[in-house]
Amino acid sequence: MATPVAASNGSGGTGGSRPSVIQLAIKEKPALYAAYIPYFPDGGIFIPTPREHRLGDDVYLLLTVMDNPQRFPIAGKVAWITPANAAGNRSQGIGVQFPADEKAKQLRRLIEEMLGPAVEATNRPTHTL
């Protein structure tokens with residue numbers, strides 16, 4: 001499952017404060033499928049969190065994916081919000097859009113390789129669409 005390991009040092013990036021810092025470990029392929037957001041131009045990831053964020057907030061993410069030993073530092077932006085008590089019993093959290101940089105492109109390729117054809121599936125539920 002997707003496991004947030006540590007939380008933030010800021011207030012979600014609003015009002016000139018520092019960005020949220022979140023460590024996230026996704027350990028299983030079904031959790032990665034549910035969290036990955038291929039619809040953003042450069043990819044993205046859903047982070048379950050009860051913290052309040054706003055669209056456009058800066059988020060600094062340290063992401064570990066399944067058994068890959070590399071931890072990916074991603075400076076993204078909140079581009080999706082699922083509020084508490086959302087319809088369809090969806091998990092509360094945020095979708096963080098990856099930036100258009102080489103580290104994020106490398107991460108997107110890795111995730112899409114891990115997911116294989118499942119990344120194209122539209123009949124399986126995810127945390128976003």
Side-chain angles (χ1 to χ4, degrees):
M1 300 297 277
T3 308
V5 195
S8 77
N9 63 355
S11 64
T14 57
S17 65
R18 296 184 307 188
S20 293
V21 176
I22 301 171
Q23 293 185 45
L24 180 67
I26 299 178
K27 299 178 181 182
E28 301 167 353
K29 190 172 181 176
L32 181 60
Y33 173 83
Y36 180 58
I37 307 171
Y39 309 107
F40 293 155
D42 297 298
I45 202 85
F46 179 83
I47 302 168
T49 179
R51 286 202 64 232
E52 218 174 285
H53 290 83
R54 294 185 181 167
L55 291 176
D57 282 355
D58 293 319
V59 175
Y60 189 75
L61 177 63
L62 297 169
L63 180 63
T64 306
V65 183
M66 295 188 352
D67 57 358
N68 187 307
Q70 183 174 358
R71 192 161 66 169
F72 290 88
I74 300 293
K77 294 216 177 266
V78 175
W80 179 278
I81 297 174
T82 303
N85 305 313
N89 206 23
R90 294 195 182 274
S91 298
Q92 180 180 2
I94 57 173
V96 174
Q97 183 173 346
F98 296 160
D101 65 20
E102 195 50 45
K103 279 196 188 286
K105 287 177 186 167
Q106 180 185 3
L107 174 59
R108 182 180 184 149
R109 282 191 299 272
L110 173 72
I111 290 172
E112 291 182 356
E113 285 174 15
M114 288 177 166
L115 292 176
V119 78
E120 300 294 327
T122 58
N123 60 340
R124 294 171 57 188
T126 68
H127 289 297
T128 55
L129 298 175

### Query
Roughly how far, to the nearest 0.5 Å, is CD of Glu52 from CD of Gln92?
8.5 Å
#### Entry: Tyr33 side, atom OH; Ile111 side, atom CD1 - distance, nearest 0.5 Å
14.0 Å
### Query
What distance do Thr82 atom OG1 and Ile47 atom CD1 have between them, rounded to the nearest 0.5 Å?
11.5 Å
### Message
Test of understanding: with side-chain hydrogen bond (donor to acceptor under 3.5 Å, both in side chains), list the residues that count as partners of Glu102, not counting sequence neighbours.
### Response
Arg109
### Query
Do you know the tightest heavy-atom contact between Pro38 and Arg108?
O-NH2, 3.3 Å
### Task
Report yes if the side chains of Ile94 and Asp57 come closer than 4.5 Å at any heavy-atom pair, otherwise no.
no
### Message
For a quick test of reading the model, state the closest non-hydrogen atom pair linking Leu107 to Phe98 and the distance between them.
### Response
CD2-CZ, 3.6 Å
### Task
State the CG-CD1 distance between Asp101 and Ile74, to the nearest 0.5 angstrom.
6.0 Å
### Query
Gly76 and Pro99: which non-hydrogen atoms are nearest, and at how many Å?
CA-CD, 4.4 Å
### Message
So Lys77 and Val59, do their side chains get closer than 4.5 Å, heavy atoms only?
### Response
no
### Task
Grab the two heavy atoms, one from Ala35 and one from Ile26, that are nearest each other, plus how far apart they are.
CB-CD1, 4.0 Å
For residues 60-73, which side-chain N or O atoms pair as donor and acceptor with protein atoms under 3.5 Å away, sequence neighbours left out?
| residue | atom | partner | partner atom | Å |
| --- | --- | --- | --- | --- |
| Asn68 | OD1 | Gln70 | N | 2.8 |
| Arg71 | NH1 | Gln23 | OE1 | 3.2 |

### Message
Please report the interatomic distance OH(Tyr36) to CE(Met114), rounded to the nearest 0.5 Å.
### Response
12.5 Å
### Task
Can you sort out the partners of Ala79 under side-chain contact (heavy atoms from CB on, under 4.5 Å), two or more places apart, ordered by chain and number?
Phe40, Gln97
